[in-house]
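Both ligands and their constituent atoms are indexed starting at 1 by order of listing.
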Amino acid sequence: MKILIADKFEAAGLQELERLADEVSCEPELKDDALAQRLAEFAATVLIVRSTQVTADAISRCAHLELIIRAGAGFDTIDTAAAAERGVRVANCPGKNSVAVAELVLGLMLSVDRRIPDNVADLRAHKWNKKEYSKARGLKGRTLGIIGAGRIGSEVARRALAFDMKVLYYDVLPDACPAEHPDCRRAEIDTILANSDFITLHVPGSGDTHHLINEAALAKMKPEAALINTSRAGVVDQAALERALRAGRIRAAALDVYADEPPADAKTFAGTIADLPNLYGTHHIGASTEQAQLAVAEEVVRIAREFKASGKVLNCVN
Ligand code: NAD
């Protein structure tokens, strides 16, 4: 088994893979054509990626490739259909970073409500503005709308309930239930839009979720409500969101993912949405805690070990 890792990978996991495989090459900078070339040249049987795109072209150029492991939950960066056509299996690591993303969502909610980033920025500039920052609404008793009640949505629900918030959720799966709790109720999307103080999105980036939150959906939100998106950029019509924020149509938005997101190693962010004072943006760091990365690396090793031992692909998505 020859493993090519085309992304950053946790050191303890790398050591385990080195014990398991005949050869492991960790080349975090590989992408695009260089990835396709290196895959073929190294004759990799297993490819491990985190955010690196894996195209149909890259897959077709490596005759030895049998398995692609996505070191994370979402797999919309991999052409799974092209992989299936060539008999290459794709596996992911679901649920391993759910808590990390949920913790970020709670952080963003508190950031919006108490305007913590603005407080900090002003204090760093030696400004004191107690009057301005004493206008928070508080979270207790407020309604959090969760769209997509899967792994991350459920972790968010549990944490919001611990803050004594009321949770309204919607999921396409009729029996999805993020938490058995009297303050956690299922509702239609329109009810969620009209009644929530915060709306957080936890649906996949593929399928029918493209621009799920568009101009019309934003218009249904309460003016004092805020939108949080840590799922995938395409779920929100970012141009419409920017217009709503500029017009003060909704209170704020908190984003971890962007339509115009720069590559992971970029040093600047050009998007004009960053200019808005009611946008609380993080740098696509939802899954990036030490705990989550360790858990993902352990899962990657488990998938590779099972594949070597039995040929079985755990968490196969294609
Ligand atoms: P999951 O598969 O466990 O849950 C997704 C849920 O969405 C499922 O219950 C599914 O039934 C539901 N769903 C699908 N289409 C829907 C629709 N149209 N309307 C309502 N519900 C719908 O996935 P997860 O692990 O909770 O991940 C959720 C999202 O978070 C994904 O987009 C993933 O890529 C993203 N994510 C982001 C980061 C980050 O760094 N910001 C990290 C991990 C995951």
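Close approach of ligand 1 to V101 (heavy-atom distance below 4.0 Å) involves ligand atoms 38 (C), 42 (C), 43 (C). Atoms of ligand 1 lying under 4.0 Å from any heavy atom of T209, numbered from 1 in the order shown and given with element: 15 (N), 18 (N). Interface atoms of ligand 1 facing G74, defined by a heavy-atom separation under 4.0 Å, are 34 (O). Applying the 4.0 Å criterion to heavy atoms of G148 picks out, from ligand 1, the atoms 7 (O), 21 (N). Atoms of ligand 1 lying under 4.0 Å from any heavy atom of L173, numbered from 1 in the order shown and given with element: 11 (O). Shown in contact with N97 at under 4.0 Å from a heavy atom are these atoms of ligand 1, numbered in order with element: 43 (C). Listed by number with element, the atoms of ligand 1 under 4.0 angstrom from any heavy atom of G205 are 32 (O). Less than 4.0 angstrom separates some heavy atom of Y170 from each of these atoms of ligand 1: 19 (N), 20 (C).
Here E215 pairs with R243 in a salt bridge; the nearest charged N to carboxylate O distance falls below 4.0 Å. A salt bridge links R61 with D33: the closest approach of a Lys/Arg side-chain nitrogen to an acidic carboxylate oxygen falls below 4.0 angstrom.
For the residues V172, V235, I147, the heavy atom positioned nearest atom 16 (C) of ligand 1 is part of V172. Of all the listed residues (S51, G153, P204), P204 holds the heavy atom that lies closest to atom 14 (C) of ligand 1.
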Problem set entry | Evaluation steps, salt bridge (charged side-chain N to carboxylate O under 4.0 Å, His left out), between K2 and E23 | CA-CA 5 Å; K2 292 181 84 173; E23 201 177 342; 3.7 Å; yes
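Distances from ligand 1 to the non-hydrogen atoms of S98 include no value under 4.0 Å. Using 4.0 Å as the threshold, G207 has no heavy atom nearer than that to any atom of ligand 1.
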